[in-house]
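One structure is given here, and the rest of the page talks about it.
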2 protein chains.
Amino acid sequence: MTRPRPLGLRPDPDDSVGAIGEFALIDRVVARSGAAAVADVGPGDDAAVLRTPDGRVVACTDVLVEGRHFRRDWSSAEDVGHKAAAANLADVAAMGAVPTALLVGLACPADTPAGWLEGVAVGMAAECAPFGAAVVGGDTSASAPDSQAVVLSVTALGDLGGRAPVLRSGARPGDVVAVAGRLGWSACGLAVLRRGFSSPIAAVRAHRRPTPPYAAGPAAADAGATAMCDTSDGLLADAGHLAADSGVLIELDRAALQQAFVDPAGPLPQVAAALGGDPMAWVLTGGEDHALVATFPAGVDLPDGWTVVGAVHEPGDAGPGVQVDGVPASRVAEELGEGAGHVHFG
Amino acid sequence: MTRPRPLGLRPDPDDSVGAIGEFALIDRVVARSGAAAVADVGPGDDAAVLRTPDGRVVACTDVLVEGRHFRRDWSSAEDVGHKAAAANLADVAAMGAVPTALLVGLACPADTPAGWLEGVAVGMAAECAPFGAAVVGGDTSASAPDSQAVVLSVTALGDLGGRAPVLRSGARPGDVVAVAGRLGWSACGLAVLRRGFSSPIAAVRAHRRPTPPYAAGPAAADAGATAMCDTSDGLLADAGHLAADSGVLIELDRAALQQAFVDPAGPLPQVAAALGGDPMAWVLTGGEDHALVATFPAGVDLPDGWTVVGAVHEPGDAGPGVQVDGVPASRVAEELGEGAGHVHFG
């Protein structure tokens, strides 16, 4: 679809990307994207050039597929931008680093309104702005010939500021396990949306725009965290990554988790009561809140926002893994009926 | 589909990614991916950590969509890996930098054979290996519910080694225009495949596995190139980027291009004769060879592999742009009947 537009008017957000073409689309999106503080060269050349004062760069990639990770009828374009950025920025924080820049690979149908993609750019820019980060590059393509879906692949870069990166493999028996951020809110919001409701809005908003505790990552690194990751797949699954990579048993305390993450006056019990569920199912297996889970040497003063929820032990006869009050995570997840976190290709 | 597998056997390449799951898939792909020389932390954590000895990092992203940029019946998995890597590594070279690492975002159907994705990883690793670069991270997802297509979004990082980046905006009147690499071979190979043929193999191979002149990028920067980009969209279109961003007129010499890029004994005239075409159409508008086009101050000794094909002038009344022997690029492209380069969302 092409149509004439009077000169001098603002770009029409209803223009399709097919009508305006790739380069005009990029111009519009870049206009919404802000500027990265570290960028010597930003969008528009073959590549961006970014300063890396630490002498190292942290880099990660996360893919969001329409119909798998978001729905355009459940989330606004800005929501999708926030969510796509947050998933990546949380991974940067989970290394103990501060985000500096994003690059975005996009495949979308030719009839996608340019305004929708501008909205995604606005959401990403807003999520990045507190760090002085921004989208510095990317590429667009038409979706596959058989598809009407948007696919976003976002790469985030970050700076460690002299910190040692906090890996998944450093947890040691005797450490405490702590969590920063929210657990179960995104899954709770998804349950609401799946039933056709749009409130409580706090839960729905948590699903649309996760709020990872970014500052808690570098703070944990500064405090001596021995291992850390974000909970994109759910606490049991992601604590499982720490346990496996560190070769330890992680014992979680259900009562501590319940007390810290299930506010009796909050949306989790309210939605669970309305829909007939258990808030702890979302806390233990719900993904996409991008809370951080870390281990610290016992006796360390935890930074603000971190709550102890368990302890690290030598692996038992069954090998490394996660338990909740002595029950293996796989059995806990089975009893909760939610499966152990998000599994793609399931 | 799941099926039992005897312990101790090698992973079966026919296993689908849906059957083995995301984490096993990642393990298999990582096993094929080699190690990046600059990686302090490689795949498997929340993010990679890479050394940036230059104090800056070059970063770019390129998207490849099945059915748009490759077909699984025309290209092997390794071909697709080579091509996806090359598209990005050429962008790094076009800044005057040397590639250090790739990150890969992947969406694919659950029934994709794991062996196909291992093949992609092998191709990427082979394309990266000469630089000591490798895949250091990424993410996988199932394709959109409506799609059976693979979408690859690759981000490349690179190091400038103390060089100033060569931008698109630095061309100045009086400069010469030069090209390194091949032009028209990928488009020629695509024409062959589209007609159902598979030879001449040199052309088909050029389409499946472009061979960008990587070393020519840093060499051009060292020689004082004033502007540079790669020809992913075709020479006329990409020279157009240099012209527009530099505010200059780029005049290309058709005879010089023909002499340098149409080998009378090579596949271009042969295929053009067989299919009824003009080799210069491919040379001028064919994309995806990832040749480099650059401008240099007149009188500079060009590095090996660079051939002068034109000159930079003050823009005329029509403003910045590209001409071939005095004819505007848009008219040249129209006469050639190929359109001005690759246009997505067309």
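Residue numbers start from 1 in every chain, and the chains themselves are labelled A, B, ... in the order their sequence lines are given, proteins ahead of strands. Predicted, not measured: the structure shown is a model, and the values here were computed from it.
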Any [X] side-chain heavy atom under 4.5 Å of [Y] side chain:
X	Y	answer
A/Val29	A/Ser33	yes
A/Cys229	A/Leu242	yes
B/Cys108	B/Leu117	yes
B/Leu292	B/Val179	no
A/Leu89	A/Phe131	yes
A/Lys83	A/Pro210	yes
A/Pro43	A/Val135	no
A/Met95	B/Val49	yes

Residues which pass side chain to side chain contact (heavy atoms under 4.5 Å, CB included) with A/Asp91, listed by chain and number, not counting sequence neighbours: A/Cys60, A/Asp62, A/Asp230, B/Asp46

Between A/Gly105, A/Gly67, A/Ala59, the one whose heavy-atom pairs under 4.5 Å with chain B are most numerous: A/Ala59

Which of A/Thr61, A/Val65, A/Thr52 touches chain B most, by non-hydrogen pairs under 4.5 Å: A/Thr52

Between [X] and chain A, which part of the residue has a heavy atom less than 4.5 Å away: side chain, backbone, both or neither?
X	answer
B/Asp40	side chain
B/Val38	neither
B/Asn88	neither

Portion of A/Val136 that has a non-hydrogen atom of chain B nearer than 4.5 angstrom: neither

Part of A/Asp111 lying under 4.5 Å from any heavy atom of chain B: neither

Ring pair (Phe, Tyr, Trp, His ring centres under 6.0 Å) involving A/His241 - partner list, sequence neighbours excluded: B/Phe23

Approximate separation, where rounding is to 0.5 Å, of A/Glu288 CD and A/Phe70 CZ: 11.5 Å

From CG (B/Asp238) to CE (B/Met228), nearest 0.5 Å: 13.0 Å

A/Trp116/A/Val80 under side chain to side chain contact (heavy atoms under 4.5 Å, CB included): CA gap, chis, key distance, verdict: CA-CA 10 Å; A/Trp116 191 86; A/Val80 173; 4.1 Å; yes

Proximal to chain B - members of residues 154-170 of chain A, heavy-atom separation under 4.5 Å: A/Thr155, A/Leu157, A/Leu160, A/Pro165, A/Val166, A/Leu167, A/Arg168

Selection from B/Leu50, B/Val41, B/Leu64 maximising heavy-atom pairs under 4.5 Å formed with chain A: B/Leu50

Top of B/Leu103, B/Val58, B/Val57, B/Val92 for chain A proximity - count of heavy-atom pairs under 4.5 angstrom: B/Val57

Carboxylate-amine/guanidinium contact B/Glu66 B/Arg71, below 4.0 Å: no

Per-residue contacts, residues 144-153 of chain B versus chain A, heavy atoms under 4.5 Å: B/Ala144, B/Pro145, B/Asp146, B/Ser147, B/Gln148, B/Ala149, B/Val151, B/Ser153

